[in-house]
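This report concerns only the one structure given below.
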Amino acid sequence: MTSVVTAGGISVTIRGAVVDDGETVLERLVSDGVPGSLTSRNSKLWGPDAAPLAARRLGWLDLPETSRSLRDRLAGPAGAARDAGLDRIVLAASGGTAPAAEAMCRTAGAELIVLDTTDPHEVAGVLAGDLARTLVVVVGGSVEAESLRRVFGHAFREAGLSGADLARRFVVVAEEGSGLARAAREAGHHLVPAEPDVDDRFGALGARGLVPAALAGVEVDALLDEASRFAGVFRQPYDNPALALGAALSSSALVGHDKLVIVDHGSGLDGFAGWAEQLVAGALGKGGRGLLPVVVENADAPGFEPADDLRRVILGSRPDEPGPGREAGVNVAGPLGAQFPLWEYAVAVAARVIGVHPFDEPDARTSREGTAALLRAEKGTAPAVVRRSPELVEGAVEVHAPRDALRGARTLAGVLETILADVPDGGYLAVLAYLDRSGDAAASGLRPLLATRGGKLRRHPAPVTFGWGPRYLHTTGQYHKGGPPNGAFLLITGAVTTDVPVPGRHYSLGELQLAQAFGDLRALRSLGRPAVRLHLRDRAEGLAQLAAALG
C-alpha cells in the first residue's frame, strides 16, 4: 500500500504498514482541528503545562515572511565585510543553529566554517588560517559561543587589530536584553536581534540560521520563497505533507517503531539529515518517550536494514530493494527551504500525539550543570576524574569504566564487544566523540564498524548512532537523558597537544571540553545508563587501533 501527499513543492510518500497506522492518527488530528489550531498559534495544543512556554516559541510559523527583512538589516555589515575583503566566514554557535547554517551552505556550495566545538585542535586549525580575511558570526550565549568569541577577539588583537577594525570583525545574533547583546553593543559589534519567540531548535529560517548563511553567500531569499510556497498548505487538513509526515512519525512511535533511521539518497540536501536529527531527538525525546534518529551514511550502510523497532525515512528517491517486507517507510523529497518548515510542523504535530512538550529540554541542563560544577571545583585544572587509573590500557587507548563493567575483558576488542552486549534489548548504542571534526574525521567511521560488529554478536543488533561532542549535547543529548532509558554510551576523548586559553576565564578550551565530557558522563551514569569512556593518548593511533579492533 502506498500513499503520496504532494503540495507546495514537497512530496511525502508513505509505504506499507505506515499507511494504515498513520491514517488512524491523521484522522484524529483532523477531527481535533490541529492544522488550524497550530497555524493560529494555539499554545494549548501540547497541554496546559506546556502552554506558557509554547506561547513564546511559535514564531517559527511566520519566519518564511518575517525573515525577509534580514536582507536589509544585513546590507550594512555585508557591504562592510566585502569592502574589507572579509570573505572567510566563521560561525561560533551551538544547538540547531550550527547544523541549519551548515546545511544551507553545503547545499548551496557556499563556504562556511562551523565551530560548535570546544576542541582546541579544531579551533587552533581555524585560528591558523587567514585571519586577515576572517569575519566571525557569534550566535547565542552558550559556553561554546562565548568562549570562541573571546578566543577570536584575542587572536584579532594579537594580529594588531583594535577599535573599529576589531569591532567590525564580529556580527552577533542575540535576543535583545541578553548578556551577549549588551556585550556586543559595548564592543561596537554589529548586532542582529534574534527573534524572541523562536528557539534555535525550530529557528532554522530565523536570524540565527540565516545570518551566517547569508554572509557566506547563500541566496536566503530563494530559501524563503521555497518556504513560503510550502507554508501555504499548513492549514489544510488534507493534501498537507507536513501533517501526513507528523502522523507517520508519531504513529511509528506509538506502535513501537521508535528508531527513525534517516538516510540521504540523492536529495541534494547536503547536511540536512544532521539538522533533522537534532530536531527530532531534542523535541521528542523526553518523559521516557520519543523517536531516536539514527543517521546512516548511505542506503548500503549497516543499520539501514529493516527491523522490528525501526522506521526508515529516505531523503530523496527510494533505493531499489528487492524482496518482500522492505517497503514500509517514508520518502521525503523537495527543496531545502521547504524542508525546514515541513519537519518543524511535522515534529510539533508528532509531539502532541506522543504526549511531550516540543519546546523544552528538561534533561539537557543536567550536563551543563555538571560541566559548570567541574569547572568551578577545579579552578583551571583538568577535572580530577581524569587522573584516575584506567581499567585497561592497550597501545594508545585507555579504557575508563565503572568497576566490574567490563566483566573481565582484557583486550580492546573484548571491551568493545562487552559494550555492544550491554545495550539493552530494544535499545541503542551512542558513540560520542569529543574530538576534532576535521583532524579526527576518522572517528565517524566507528559507527558503521560497531553496527557491523553488533550484527554479528547479537541476534537483534542494536542501532548505533554517532555524535561529535559537545555538539550532541545540544542536539541528541536531550534524548539520551530524557528519552526511553535503553541507551548505552561510548564516550571518546583525546589527548590535547595544542591547547587554547580562553581569555578572561580560568580554563582553556581543552579543560572546558574535558569538563563537558565528564559532566555528561556523570549525568548518564547517574541515570543508570551503561557508559564507558575511551581516552586516546594519541588520537590518530588510537582511532586506527579502534578500527582494527572492530575488524
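Between the CZ atom in Arg289 and the OG atom in Ser250 there is a gap of 13.0 Å [rounded to 0.5 Å]. Atom CG of Asp200 sits about 11.5 Å away from atom CD of Glu195, to the nearest 0.5 Å. Of the inter-residue distances, the one linking Ile10 atom CD1 with Asn240 atom CG reads 11.5 Å to the nearest 0.5 angstrom. To the nearest 0.5 Å, the span separating OG on Ser267 from CG on Leu315 amounts to 5.5 Å.
A tilted orientation is assigned to the rings of Tyr345 and Phe234, their planes being inclined by 30° to 60°.
Side-chain atoms of Tyr479 and Tyr472 form no donor-acceptor pair, as typed in the model, at a separation below 3.5 Å. Judged by distance alone, the side chains of Glu65 and Ser228 do bring a donor and an acceptor atom under 3.5 Å apart. A donor-acceptor contact closer than 3.5 angstrom links the side chains of Gln516 and Glu144. A donor and an acceptor atom, one from each side chain of Ser94 and Arg471, are nowhere located under 3.5 Å apart. Side-chain atoms of Ser142 and Arg368 include no donor-acceptor pair closer than 3.5 Å. Side-chain contact check for Asp270 and Thr107: no donor-acceptor pair (N or O, by modelled atom type) lies under 3.5 Å.
Counting non-hydrogen atoms of neighbouring residues, nucleotides and ligands closer than 6.0 angstrom, the CZ atom of Arg71 reaches no more than 12 such neighbours. Atom CD of Glu219 has 12 or fewer heavy atoms from other residues, nucleotides or ligands within 6.0 Å.
Salt-bridge annotation for Lys481 and Asp520: present, with a side-chain N of the basic residue lying under 4.0 Å from a carboxylate O of the acidic one. By the 4.0 Å N-to-carboxylate-O rule, Asp363 lies too far from Lys286 to be salt-bridged with it. A salt bridge links Glu297 with Arg447; the closest basic N to acidic carboxylate O contact falls under 4.0 Å. Under the 4.0 Å criterion applied to side-chain N and carboxylate O atoms, Asp62 and Arg41 are assigned as salt-bridge partners. Salt bridge absent: Glu344 and Arg57 never bring a charged side-chain N and a carboxylate O closer than 4.0 Å. Using a cut-off of 4.0 Å between Lys/Arg side-chain N and Asp/Glu carboxylate O, Glu361 and Arg365 are scored as not salt-bridged.
Annotation: side chain of Leu70 is in contact with side chain of Ser67 (closest heavy-atom distance under 4.5 Å). By the 4.5 Å heavy-atom criterion applied to side chains, Ile354 and Leu284 are counted as neighbours. By the 4.5 Å heavy-atom criterion applied to side chains, Val192 and Arg73 are counted as neighbours.
Pairs engaging residues 123-138 under the salt bridge (charged side-chain N to carboxylate O under 4.0 Å, His left out) rule: Asp87-Arg133, Asp130-Arg133 [sequence neighbours left out]. Sorted by first then second residue, the ring-ring contact (aromatic ring centres under 6.0 Å, His included) pairs that include residues 80-102, not counting sequence neighbours, number zero.
Centroid-to-centroid, the aromatic rings of Trp46 and Phe359 come within less than 6.0 Å.
Judged by distance alone, with hydrogens and angles left aside, the side-chain atoms of Arg522 form no donor-acceptor pair with the main-chain N or O of Gly370 at under 3.5 Å. Glu226 contributes a side-chain N or O that, together with a main-chain N or O of Gly337, makes up a donor-acceptor pair within less than 3.5 Å. Put simply, the side chain of Arg539 gets close to the backbone of Ala495: a donor and an acceptor are under 3.5 Å apart.
Between Pro64 and Ala231, the closest heavy-atom pair is CG-CB, 4.4 Å. Ala207 and Ala194 get closest at one heavy-atom pair: CB-CA, 4.3 Å. Taking both residues in full, the closest heavy atoms of Ala204 and Trp275 are given as CB-NE1, 3.8 Å, listed atom of the first, atom of the second, then distance.
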Leu279 vs Arg201, test: side-chain contact (heavy atoms from CB on, under 4.5 Å). Steps then yes/no.
CA-CA 6 Å; Leu279 176 68; Arg201 194 175 303 288; 4.0 Å; yes
Review item, side-chain donor-acceptor pairs of residues 159-177, under 3.5 Å, at least two apart:
from: Arg169; atom 1: NH1; to: Leu131; atom 2: O; distance (Å): 2.6
from: Arg169; atom 1: NH1; to: Thr134; atom 2: O; distance (Å): 3.1
from: Arg169; atom 1: NH2; to: Ala132; atom 2: O; distance (Å): 3.3
from: Glu175; atom 1: OE2; to: Arg208; atom 2: NH2; distance (Å): 3.1
from: Glu176; atom 1: OE1; to: Arg185; atom 2: NH1; distance (Å): 2.9
from: Glu176; atom 1: OE1; to: Arg185; atom 2: NH2; distance (Å): 3.4
from: Glu176; atom 1: OE2; to: Arg185; atom 2: NH2; distance (Å): 3.1

